[in-house]
Every structure is written in structure tokens, then in C-alpha cells.
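Down below is the structure, laid out as C-alpha cells.
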Amino acid sequence: MLNEKIITVDHLTKRFAAFTAVDAITFDVYKGEIFGFLGANGAGKTTAMRMLCGLSMPTSGKATVAGFDVYTQNEQIKKNIGYMSQKFSLYEDLTVKENMQLYGGIYGKSNQFIKDKTAFILEQLHLKDEANKLVGSLPLGWKQKLAFSVAIFHEPEIVFLDEPTGGVDPVTRREFWMMIYEAAANGITIFVTTHYMDEAEYCNRVSIMVDGKVEALDTPAMLKQQYQSPTMDDVFLKLARKATRSGD
Amino acid sequence: MYSVEVQHISKSYTVKKATTPALKDISFAVKKGELFGIIGPDGAGKTSLFRILTTLLLADEGTATVEGLDVVKAYKAIREQVGYMPGRFSLYQDLTVKENLDFFATIFNTSVEENYDLIKDIYVQIEPFRDRKAGKLSGGMKQKLALSCALIHRPKVLFLDEPTTGVDAVSRKEFWEMLKRLKEQGITILVSTPYMDEAEMCDRVALMQNGSILSIDTPQQIVASFAQTMLAVRSASMLQLLNKVRASSFVENAYPSGIYHHVILKQQATADQLQQELSAAAFADLEIKKGQPTIEDCFMQLMRI
Ligand SMILES: Nc1ncnc2c1ncn2[C@@H]1O[C@H](COP(=O)(O)OP(=O)(O)OP(=O)(O)O)[C@@H](O)[C@H]1O
Ligand SMILES: [Mg+2]
């Protein structure tokens, strides 16, 4: 792994009225790494991710993504990243092919690029027969794999994945991770949230958020050592049980 | 005595002249007070089944009863006796947490106070946010609210369609402890889940695929009937190791499973044979041991057939 920082986060904070959803988080992500962004429900993962994707303005603190500032350069950020949101991020009433054409178009890719890439993805996902089907009619696992392909369609430097495997069956979940590995091998930095603790083991490094703060960050092996836990599941339980946050 | 009885239920959907079968001649029965799990990939038919049993969808063929009541003829009575938590959110996004709960209590002529003990374990976790609009809750917090709403009228039978999807690992454990307590109060629970560790906590589990039930058994029996040899392997370079075992002629299937890869050997192959093959490839920190199959391994094996 190169020691080149691709995401830098320094005391990044987001408040909704009096409620601090993300509380002065500080960390770096390195180029080409698979970075697991864990935390209990409501810990602030999605909120933090949306700021890093240039979709939501921070209240305070600093962050750069692919060298761009989250306050002033969010348009450049959007062009250089891919984002798969926690809710489903494709157009259900467009076909598989139309979704890819649409995204390619949004990112200003040439017709030839879109054509080649679409053919490649359909082949890779074994979706050739489904190319003209509405996305809404596909099983969830297929949609998620397709959404991931679409999120990296424009060959971004980083892709943010918010619970991409939530609700996905064990077989398809593993196929999804194979796609993540492949993208990482091609140099794309992966920033991923999950509630499946076996998936935490597949990350190079993992951070764990509790009540808006990053409470722990290290490789899975080091975290297990530090918290004297046999599994990441156990590490997570020890940390997440500390949460005390209450309402606004 | 059965709480839910399903006989020869079939259902297909027709979209633009193409007909897809969602349920094919399904039959099973769930005992009163049983915690019954349904697992299967997306599109297996779990949601259609739940919708038929909660009287929201009509089957093409077959019959079903809930608490002795026919799902077609007695749909009104059934609706008062069951709680249903759909997989996709059913909350009013513009109402606050408290307003959502009050709303569901009111339509069933009850109050939150009256049944607070039933929802307490889960509800206390979102109660601090009671004045927040449901639309502004995190994904997992919404699930907790939806479950509280499904329980608020003290149903006899609870249908939960993937209730823990998006719920964090700690809350999932608490959630299942709560289901066990509901079961002790005599509530029958049918629950679908993509988490295989949860299937282990059910009294019985049905495995569904492509609209059919492949098997119904206790988790213990499902695991005990795993017939093949499963190994757990790891090394310093997991991805290379996976590719290597997948390419081996001794291996039927191999996949990541936490810190190990699980390797299912072919019928005639032995652990020693694979050991030799991998040792020859000189993987750093290679470890090979006998694996203990879980429900997840059984499920993945059944899905291959
Ligand atoms: N627009 C908003 N207004 C008010 N509060 C908000 C808003 N968006 C998020 N929050 C609150 O911020 C906190 C963090 O939410 P967030 O969605 O980031 O959590 P998360 O870590 O992604 O959780 P999950 O694992 O459940 O998806 C929650 O308490 C949530 O209710
Ligand atoms: Mg989230």
C-alpha cells in the first residue's frame, strides 16, 4: 500500500440544531486501502460520509478528499468519487442499460466509453440477459452489485459505500466483496460501512464510531489485540456498548 | 395446536405479459408460541408469503389460516391479531417518533402506556429521540421504531420481514433477546432474516429458494446434517490463498468467512491432500484446521444445489 493520503479529516463536525451528529472526527485514509467505517446505529457514519462526498456542508473542522476541500471544492469532489448511498441508488424505473448510460452521461463520458464500459459490466455481472429489464425488477443482491458497478463507472479515485450489503444473502454478499477486492486491486480506494462483522475482517483498517466520535482505528488484527477480543464482533460490542448519547 | 397453517399456496405476478412465479405450492405449519425463521435469498418469495399471511395479498391458489382464521374470509379479524413489520419502511416520515407510535396505538384502540412493557427493551434506545421526525432517524433507528409500532397492540402473531437489516451488531443481539421474551409470553413469531447467526436462534428454520421451501428443520439438525468435510484456512495473503484453494482439484467450494476461508472438500478428497498442495505453494503463516460448519455454511451449500 502506498502511504499517500487520499482523504484527510481534521476535527470534522456536523450539528443539526443543538444535536452534534459528528463530533470532531480526525483520521486519514490512504490510497488503495479498504477502509471500514463502522459504528452503531445513529453513530454518525452516514452523516460523516455525506460531508466527505461533498453532499452536505460541515459545521466546522477540515477535510480533503482526493486533494479537494469539502467546503469550497465539492463539485470537483463529486466528479472524482463514487457514492453508493444507504438507500438504493439506482433508478428503479429505468432499465439496467439506461442506468449506466445515464450515469456515464452525467460524468461527461464519451459515447464510446459508455458503450464499452456497459458491455464490460454486463459481462462481468452476468447481466447480459437482463440489460433491458427494469432495475426495479431485479433481486436486491443484483441491484447492489449493479449499483457498485455504476458507482465506479466513471473510474473514480475513491468510492464511498454506505451499507452496500445490508439485507444481501451470504452468497451474494461474498460476490460483492470480490468486486470490492478487485476495485481495490485496480487502485480505487474503498470507504465502506457495514454491520456485518465478518466483513470488518476483510478491511485493511477499520474505524469504529461511537456517539459521533471515532473511538478506535487500526487494522482488524491490532484492534482485536488492543481490546483482547477473539473477533471483530467482540471488539464492536465492547466499544458500541459505551454509547450514551441522547436526544436534542 | 398451530398458529399458522399454510396449504398449497401459489402466487405469481404478471408484469407486461411475463409471468413470474413467486410462491410454488408452499405448505407448512407453525406451532403456537414458536419462533419460526425463514431464510433465503432476495426474490425467494418471503415477502409475498408474509403479505398473504397478513391478508395484504391474495394467493392464486391454496389456503392459509392464522390463529384458526382464514386469511381471505376473516381478514379483518386477522388484522387485529397480527403485527406486521414490512421489510421496507412503513413509517410516517413527517411524524415524530412518538407520533408514529401513538398513531399505531390509536388505530388499534390501545395506548402506548398500556403496552409499554412489551416494547420497552427496543423503544428505550430511540426514546431519547422521541421528538425527532422519523425521516431524520438513522437507518437502524427507523427499524427499531417500525418494530415498536408493529408490537404496540400486543399481537398474538408477529410477522417480521427482515427486521434487523441495517441494525447494528449490539442492537441485533438485544433485539433477539427481546424476541425470546415475546415468545415466552406466548406470542408466535415468524421472522425472515439475511443474518445466518440469527437463524441459529429460531426454534425451526425454513429455507426458501425460488418460491419453494427446500427444507424445514431445527438449527441443530440443519447443522448436524452437513455431510461434507469443511476446513478453515488462513495465511498472510488471504486473496491469493482463496484463488489457490478455489483452483484446487480437491475443493468443491471455498469462500471468505471472517478471518478464515471456509473450504468444502470434494467427496473423495482429504484434508491431507489439500494440506500438501498448499504447503507446496509456500504460503506465509499458513494455518489449516477442521472447520465447524454453521448455519451459514449449510445455507450456502444448500443454495448450490
Ligand atoms: N437532517 C437531520 N436532522 C436531524 N438529525 C439528523 C439528521 N440527519 C441525521 N441526524 C441524526 O444524526 C445521528 C447520526 O445519523 P447517521 O444517519 O449519520 O447515523 P449512522 O451512523 O449512519 O447510523 P445507521 O447505522 O443506523 O445508518 C442520528 O441521531 C440521526 O437521527
Ligand atoms: Mg447510516
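Order of the sequence lines sets the chain letters (A, B, ...), proteins ahead of strands, with each chain counted from 1. Nothing here was measured: the structure is a model prediction, and the numbers come from that model.
- Only the side chain of B:L239 comes within less than 4.5 Å of a heavy atom of chain A; its backbone N, CA, C and O stay farther away.
- Contact check for B:P194 versus A:Y196: side-chain heavy atoms found under the 4.5 Å cut-off.
- The salt bridge (charged side-chain N to carboxylate O under 4.0 Å, His left out) test applied to B:D297 returns no partner, not counting sequence neighbours.
- Contacts of A:K143 with chain B are absent, with no heavy-atom separation under 4.5 Å from either backbone or side chain.
- By the 6.0 Å contact criterion, NZ on B:K11 is enclosed, its count of non-hydrogen atoms from other residues, nucleotides or ligands being greater than 12.
- Between B:K173 and A:L237, the closest heavy-atom pair is NZ-CD1, 3.7 Å.
- Atom NZ of A:K128 has 12 or fewer neighbouring heavy atoms from other residues, nucleotides or ligands inside a 6.0 Å radius.
- Taken from NE2 in A:H195 to OG1 in B:T165, the straight-line distance is 10.5 Å, to the nearest 0.5 Å.
- Looking at B:L242, only its side chain comes within 4.5 Å of chain A, counting heavy atoms on both sides.
- In this structure, B:K133 places its NZ atom where only 12 or fewer heavy-atom neighbours from other residues, nucleotides or ligands lie under 6.0 Å away.
- For B:Q292, the CD atom counts as loosely surrounded, since its 6.0 Å shell holds 12 or fewer non-hydrogen atoms of other residues, nucleotides or ligands.
- Residues of residues 167-174 of chain A placed with any heavy atom under 4.5 Å of a heavy atom in chain B are listed by number as A:G167, A:V168, A:D169, A:P170, A:V171, A:R173, A:R174.
- In this structure, the portions of B:S257 lying under 4.5 Å from any heavy atom of chain A include both its backbone and its side chain.
- Atom OH of A:Y91 is surrounded by 12 or fewer heavy atoms from other residues, nucleotides or ligands within 6.0 Å.
- Cation-pi geometry between B:R132 and A:F19 is satisfied (NZ or CZ under 6.0 Å from the ring centre, within 45° of the ring normal).
- The number of heavy-atom neighbours closer than 6.0 Å to NZ of A:K97, taken from other residues, nucleotides and ligands shown, is 12 or below.
- Within a 6.0 Å sphere centred on CZ of B:F226, other residues, nucleotides and ligands contribute more than 12 heavy atoms.
- Here the CG atom belonging to A:D233 is positioned 7.5 Å from the CZ atom belonging to B:R172, to the nearest 0.5 angstrom.
- Side-chain atoms of B:P256 and A:Y202, non-hydrogen and from C-beta on, do get closer than 4.5 Å to each other.
- Shown here is A:Q225, whose CD atom has no more than 12 heavy atoms of other residues, nucleotides or ligands within 6.0 Å.
- With a 4.5 Å cut-off on non-hydrogen atoms, A:M178 touches chain B through its side chain but not through its backbone.
- For B:M141, the parts lying under 4.5 angstrom from a heavy atom of chain A are both the backbone and the side chain.
- Per-residue heavy-atom pair counts under 4.5 Å with chain A were compared for B:V170, B:T20, B:L137, and the maximum is reached by B:V170.
- Using a distance-only test at 3.5 Å, with no hydrogens or angles considered, a donor-acceptor pair links the side chain of B:D168 to the main chain of A:N41.
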